[in-house]
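Chain identifiers are assigned alphabetically (A, B, ...) following the order of the sequence lines, protein sequences preceding nucleic acid strands; residue numbering begins at 1 within each chain. Only a predicted model underlies this, so the values are computations on that prediction, with no experimental measurement involved.
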Amino acid sequence: MSTASSSAAWKAGDVVPDQFPAGLRVLVVDDDPTCLMILEKMLRTCLYEVTKCNRAETALSLLRENKNGYDIVISDVHMPDMDGFKLLEHIGLEMDLPVIMMSADDGKNVVMKGVTHGACDYLIKPVRIEALKNIWQHVVRKKKNEWKDFEQSGSVEEGDRQQKQSEDADYSSSANEGNWRNSKKRKDEEEEAEERDDTSTLKKPRVVWSVELHQQFVAAVNQLGIDKAVPKKILELMNVPGLTRENVASHLQKYRLYLRRLSGVSQHQNNLTNSFISPQDATYGPLSSLNGLDLQTLAATGQLPAQSLATLQAAGLGRSAVKSRMPMPIVDQRNLFSFENPKLRFGEGQQQLSSSKPMNLLHGIPTTMEPKQLANLHHSAQSLGSMNMQVNAHGGQGGQGDSLLMQMNQSQARGQILNESTGSHVPTLTSSMGQPVLSNTVVGGVLARNCLAENGMTFNDSHQNNSLQSNLDVGTSVLSHQGFSSTQRTGQNRNISAVGKPMFTAGDTTDHVNAQNVGPINTFFTDNSVRVKSEFVPDASCETNLFPEQFGQEDLMSALLKQQQGGVAPAENEFDFDGYPLDNIPV
Amino acid sequence: MERNQLHRLVALSRQPLFDQGFLDEQFLQLEELQDDANPNFVEEVVTLYYRDSARLILNIEQALERNPLDFNKLDILMHQFKGSSSSIGAKKVKAECTFFRENCRAGNGEGCIRTFQQLKKEYATLRKKLEAYFQLRLHAAPSEKSVAEEEMAGIHLKMFLVSEAL
């Protein structure tokens, strides 16, 4: 299949599931030209589209220029200009592509390093083609993980999704492998359409923290205490199948940062009473004021259909546990959500991740994270189906999104610990229609907005999540490479033996080869038939040195040539190797 | 001689290279990659290998002339060389690389130098053998050869086999 046609097939949106994984776009990076050439040929044989480069920097710029141009990256570990693991990190953070590492080094530490840095597989050199035939699984798996997380948020109304995606068929069905490509393309196109002019696209992880999920999360954090809440324990308490520690960890980071911001915000708010700030204040206040303010703001900004507003208000007003409603100045909050806000620097967040990443992440992180997160929220809102909250994730990010989030932020600022408020109010909210949708989605939105930078980390976590999930693959790959059995060789031997014998006994049925008989070499030149009977080593079982070391190659050749040429000078002078001068032999 | 017989002869001619431990399964992988589109793929790869690895050999030699020896650097260089060599299936060369690296890790300068000499020998020997093999292949390649030419090609192949067995 020509590469042009395959790529055209993908981009045109045609579903060609039968061709998959043919046409998979692989970028292979290795400073060793020999390996690179071999890999390229192997990958081409697998019907993949291959781009090769010998420098990590080149690879990165290729990936950056053509953000959706590749499905998977294969990279060597040891490269002169950049460490392979560093490249791995960059790709994971910026492009969210599966990366396979390779090396001649099969030490456990190196393999472990690959896994922990987020490689989805680790191949030991020399790489065999069998290992490459299956790399497409990493691409599919990554997609599947994203789908699964979408599905966790409940049934998603495809039709209400962004228009571009609405054309996609069964999005969540991973059975249609050809289709996932299209949906990916669609989503990518959306992201491209919205992203700012940044060089790197940060594709966030696809864990969608639905209302229920966040409730559970917050409940777990509450139970443990915000200071003692560690991802592992939270995960255990939540007991959600399919949720990983990494998902929780990244969510926790966002949550923590969000809380810190809230505490920072609250200090700006002179209007806030201390009661709202104190952590022990399990209050419904924020919620109610949130509701009130949010609804009004939403309605004002046209986000919320009037009837929904009425519903919400009714629900909100129906609750008597509301403490107080403080009007919150809206405007000042905007600053919080600017991405240059130093508060966003996740100095705190660094604890959970290696320190190098955050700084990288902060540069050039587009603000496109929010639309997606908001889109997710939108979906989870949809899932409850009670209202059409038009969380407009696409247009005017700075505007409407802000108002939503601001409101939430303000109200949440009253309760410094988000978990307290949401955790406590959520159960109440669920009783009223739509409330949870509103508040929790806004909460999620805030988290999303605030934690742009964290998304990188989150991202990486998810990445690691994937890598951990494919841990087995790594092991398997490693094992399979190392354990290349010698059966092939012996098989080959056997084949050759089987082939060889009849060949060498052409015209003679005897299989036996008398290998000792070196002398009558001239016999097989006297007649033109192939009669090897006396000479040869056709039997490929390892009887190698059948002849004593009496004849050098040159001697033998000259002897033979003399016989053939009847005295013509041996032509070995013309060669710088032991070739056979076919040309000089009179035929 | 029939064409397929020739081909089988060619296939056989490389058998000693395996039997004697010069080549391993990776070389077979390369051969399997050869197709009509790239009929000389293996030869191209091997040529590339020898060209590129010459640079590494030179670097290692220079590094071995230093005093004191920088074992870490030597190890890194040899790691690269080993990776390259293993990708074409150069078994004996690869084994020497391993010995060399062991010497590096042990800080054994003399061992390094000795192993390196051995490595270069194996490297050169393999080169000769592979060149001979490629020549044979060339002669056995399907073309408009006359029957007699093919006969001669077959004969030379056998000669090669004989010599290889020595």
Side-chain angles (χ1 to χ4, degrees), chain A residues 31-35 37-38 41-42 45 76 78 103-105 125-129 484 486 488-489 492-493 496 499-500 503-504 506 515 518 521 524-525 528 530 532 535-538 540 542-553 556-557 560 564 575-580 582 585 587, chain B residues 1-2 5 8-9 11-12 15-16 18-20 24-26 28-30 32-33 35 37-38 41 44-46 48-49 51-53 76 79-80 82-89 127-129 131-132 135-136 139 146 148-149 151-166:
Chain A
D31 63 315
D32 183 331
T34 312
C35 292
M37 185 173 175
I38 296 172
K41 186 74 175 87
M42 284 181 171
T45 306
D76 189 37
H78 300 284
S103 179
D105 207 341
K125 285 182 174 181
V127 177
R128 298 172 56 78
I129 195 171
F484 174 80
S486 58
Q488 172 143 1
R489 174 105 183 250
Q492 185 82 12
N493 290 348
I496 289 182
V499 167
M503 179 167 73
F504 283 100
V518 179
I521 285 179
F524 74 80
F525 285 106
N528 282 339
V530 178
V532 174
E535 261 58 88
F536 260 84
V537 207
C542 317
E543 287 190 338
T544 57
N545 289 324
L546 297 172
F547 300 103
E549 282 275 347
Q550 6 173 336
F551 302 100
Q553 284 189 359
L556 201 57
M557 209 173 87
L560 292 168
Q564 279 300 305
F575 303 89
D576 46 359
F577 64 88
D578 296 326
Y580 298 98
L582 199 63
I585 298 174
V587 175
Chain B
M1 174 187 292
E2 294 167 20
Q5 282 182 333
R8 278 180 280 171
L9 265 177
L12 257 175
Q15 192 51 40
F18 290 98
D19 294 338
Q20 296 163 17
D24 62 25
E25 310 86 13
Q26 187 63 19
L28 293 172
Q29 286 264 312
L30 298 189
E32 277 164 29
L33 288 173
D35 52 20
N38 298 89
F41 177 71
E44 287 164 15
V45 172
V46 170
L48 180 58
Y49 163 72
R51 194 170 353 121
D52 183 61
S53 56
I76 291 172
H79 173 83
Q80 290 177 38
K82 181 181 174 188
S84 226
S85 307
S86 67
S87 70
I88 67 158
R127 181 184 207 147
K128 271 173 60 172
K129 290 185 181 287
E131 280 170 343
Q135 272 296 313
L136 281 169
H139 292 151
S146 67
E149 275 182 326
E151 293 275 345
M152 288 315 304
I155 287 161
H156 287 290
L157 277 170
K158 277 182 262 172
M159 284 164 48
F160 174 80
L161 279 168
V162 168
S163 61
E164 277 303 308
L166 294 175

Which atoms of A/Asp76 come close to chain B, meaning under 4.5 Å heavy atom to heavy atom: side chain ones, backbone ones, both, or neither?
->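 Neither part.
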
Below 4.0 angstrom, N of the basic side chain to O of the carboxylate: do B/Asp35 and A/Lys41 qualify?
-> yes

On a heavy-atom basis, which atom in [X] and which in [Y] lie closest, and how many Å separate them?
X	Y	value
B/Ser87	A/Thr34	OG-CG2, 3.7 Å
A/Pro33	B/Leu48	O-CD2, 3.5 Å
A/Ile129	B/Gln29	N-OE1, 2.9 Å
B/Leu33	A/Met42	CD1-CG, 3.5 Å
A/Asp31	B/Gln80	OD2-OE1, 4.5 Å

Roughly how far, to the nearest 0.5 Å, is OH of B/Tyr49 from CD1 of A/Ile38?
->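 One gets 10.5 Å once the value is rounded to the nearest 0.5 Å.
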
Interatomic spacing from CZ in A/Arg128 to CD in B/Glu25 - rounded to 0.5 Å |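 One finds 7.0 Å between CZ of A/Arg128 and CD of B/Glu25.
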
Mind ranking B/Gly89, B/Ser86, B/Ser85 by heavy-atom pairs under 4.5 Å with chain A and telling me who comes out on top?
->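 It is B/Ser86.
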
Ranked by heavy-atom pairs below 4.5 Å to chain A, first place among B/His79, B/Arg51, B/Lys82 goes to B/His79

Return the option, out of A/Lys125, A/His78, A/Met37, with the maximum number of heavy-atom pairs under 4.5 Å with chain B.
->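 Of the candidates given, the most pairs with chain B belong to A/Met37.
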
